[in-house]
Amino acid sequence: MVTRIMKKLFLLFFIINQTKSELNIPIIVTTWKFENSTIGAWGVLKEGGSSLDAIEKGASICEEQQCDGTVGFGGSPDENGETTLDALLMNGKTMNVGAVGALRRIKRAISVARHVLEYTKHSILVGELATQFAVQMGFEEENLTTKHSKKLWMDWHNADHCQPNFWMDVTPNPSYFCGPYQPNQNSEDERRKMIKGDKYNHDTIGMVAIDKNGDIAAGTSTNGAKYKIPGRVGDSPIPGAGAYADNSVGAATATGDGDVMLRFLPSFLAVEEMRRGALPTEAAQISIKRIAKYYPNFMGAVVALRKDGKYGAACHGLGGMPFPFVVQDISMDHHKVELIDCL
Ligand code: SD4
């Protein structure tokens, strides 16, 4: 009797492992050419670690290394010259989220997001009060300004007269002058004419991962848009916008013009399209096209990962450049950088 049960258990174990090995998991996919983060995250997955740990590790590396100056401290100063951080972690097994927006004076934004996820019943904490939370959780308070970010801000403020900026329909004319500004009283038509797409250099790290147990996670970390109006929170810490994960389908993450993109919840849409049967590439394309229909000049990309380890991406408005992303899965000896031409 005992041997028969043992045999059955062995068979079951064999079948489960067989099915798993046919899947391309574990896997990590990272936006842009953030190879070091991918290597770090893969190290966690390879050792049997969780997708959440892998993403926290990978995004932390970018935060420390100030990837492209657009993740972590010392980049993208706001109108006051301060760097603030947005980050998100989503657990696709529990559908739990931890995120921080406009986090001040704390370098490790992704780990603060992890603490929101693990130690609170909330999903998003913002600004000065998110800093208070982080300090309570044992994070060190530090100045996020560096020589580089100070120079960026000085040039923007003094030499470039606060150009570009994110204001519209205010006095003095924000296309020529610095603030403070007052609202104008223009008609809806006049206001619409003023909306134009500005190009900013911003590369958020977005990561989607599946671990050996098939648990899926997604996350982001960024210092947001350069010269943003203080208090601005972008798409990156918004669940469904910056990233989304659901164990029963897959995950997605987005990068680009966050103010516009978050209006369409592109990561949520990509996951839902995969749920309806779209391939990952198709799902990412549908998200991108939805935004482009309303904002033909927007710049951005979406990466989608299906629960079986199939992945794809789509992008828009990168000035003729393809969108790079990095992948490592169980079938590869080494991570690879893929390039995708924009729609
Ligand atoms: C933001 N979406 O704050 C971010 C920036 C970004 O690639 O993704 N850049 O708008």
Side-chain angles (χ1 to χ4, degrees), residues 29-34 37 55 58-59 62-63 66-79 82-88 90 99-104 109-110 113 124 126-127 130 144 149 152 164-166 197-208 218-244 252-270 284 287-288 291-292 295 297-304 313-319 321-326 340 342:
V29 190
T30 308
T31 56
W32 305 106
K33 212 168 164 284
F34 296 142
S37 288
I55 291 179
C62 242
E63 288 173 355
Q66 302 168 281
C67 282
D68 286 0
T70 51
V71 183
F73 66 102
S76 306
D78 67 15
E79 286 196 338
E82 182 179 357
T83 296
T84 59
L85 306 178
D86 291 348
L88 162 82
M90 178 157 185
V100 285
L103 177 69
R104 308 180 73 183
I110 192 76
I124 311 180
V126 299
L144 303 192
S149 65
L152 276 178
N165 61 60
F166 288 88
D198 283 314
K199 291 274 171 282
Y200 293 98
N201 164 31
H202 39 205
D203 297 352
T204 292
I205 182 163
M207 305 186 97
V208 284
T220 60
S221 182
T222 185
N223 53 30
K226 234 190 242 173
Y227 316 126
K228 58 192 169 191
I229 298 171
R232 181 260 192 190
V233 172
D235 58 329
S236 303
I238 309 297
Y244 197 71
T253 185
T255 172
D257 294 335
D259 295 293
V260 162
M261 292 178 79
L262 69 79
R263 300 169 192 168
F264 299 87
L265 296 177
S267 297
F268 176 76
L269 181 57
S287 279
I288 289 289
I291 306 168
Y295 295 93
N297 297 324
F298 98 99
M299 186 219 90
V302 171
V303 169
C315 60
H316 188 270
L318 302 192
M321 303 292 285
F323 169 66
F325 60 99
V326 196
I340 199 118
C342 292

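Quick caveat: nothing in here was measured; it's all calculated off a predicted structure. As the structure lists them, so they are numbered: ligands from 1, and atoms in each ligand from 1. Side chains are part of it too, since the values below use all heavy atoms of this structure and drop only hydrogens, waters and symmetry mates.
Residue-ligand proximity: Lys228 is placed with every non-hydrogen atom at 4.0 Å or more from ligand 1. The closest approach between a heavy atom of Asp86 and any atom of ligand 1 is not below 4.0 Å.
Here Phe268 pairs with Tyr244, Leu265, Glu272 under the side chain to side chain contact (heavy atoms under 4.5 Å, CB included) rule; sequence neighbours left out. Applying the side chain to side chain contact (heavy atoms under 4.5 Å, CB included) criterion to Ala313, with sequence neighbours excluded, gives Val303, Phe323, Phe325, Ile340.
Ser76 pairs with exactly one of Asn223, Thr83, Thr84 by the side-chain hydrogen bond (donor to acceptor under 3.5 Å, both in side chains) rule, that one being Asn223.
Residue Ser236 approaches ligand 1 through these ligand atoms, each under 4.0 Å from one of its heavy atoms: 2 (N), 4 (C). Residue Asp235 has at least one heavy-atom neighbour below 4.0 Å for each of these atoms of ligand 1: 1 (C), 2 (N), 3 (O), 4 (C), 10 (O). Close approach to Asp203 involves these atoms of ligand 1, each under 4.0 Å from a residue heavy atom: 7 (O), 9 (N). Atom numbering of ligand 1 starts at 1 in the shown order; those under 4.0 Å from a heavy atom of Thr255 are 6 (C), 7 (O), 8 (O), 9 (N). Those atoms of ligand 1 with a heavy atom of Gly256 less than 4.0 angstrom away are 1 (C), 2 (N), 4 (C), 5 (C), 6 (C), 7 (O), 8 (O), 9 (N), 10 (O).
Between the side chain of Asp68 and the backbone N or O of Asp203, no donor-acceptor pair lies under 3.5 Å. Judged purely by atom type and a 3.5 angstrom limit, Asp86 has no side-chain atom pairing as donor or acceptor with the backbone of Val233.
Contact annotation: for Met299 versus ligand 1, there are no heavy atoms closer than 4.0 Å. Of all the heavy atoms of Ala254, none lies under 4.0 Å from any atom of ligand 1, so neither backbone nor side chain is involved.
Residues Pro230 and Glu79 approach most closely at CD-CB, 3.7 Å, considering heavy atoms.
Of the N or O atoms in Gly224, none lie within a sub-3.5 Å distance of an N or O in ligand 1. The shortest N or O to N or O distance between Thr222 and ligand 1 is not under 3.5 Å. Residue Asp259 has no nitrogen or oxygen atom sitting less than 3.5 Å from a nitrogen or oxygen atom of ligand 1, judged on distance alone.
Between Ser236 and Thr220, the side chains place no donor N or O within less than 3.5 Å of an acceptor N or O (distance only, hydrogens not considered). With hydrogens and angles left out, the side-chain atoms of Lys226 and Thr70 include no donor and acceptor closer than 3.5 Å.
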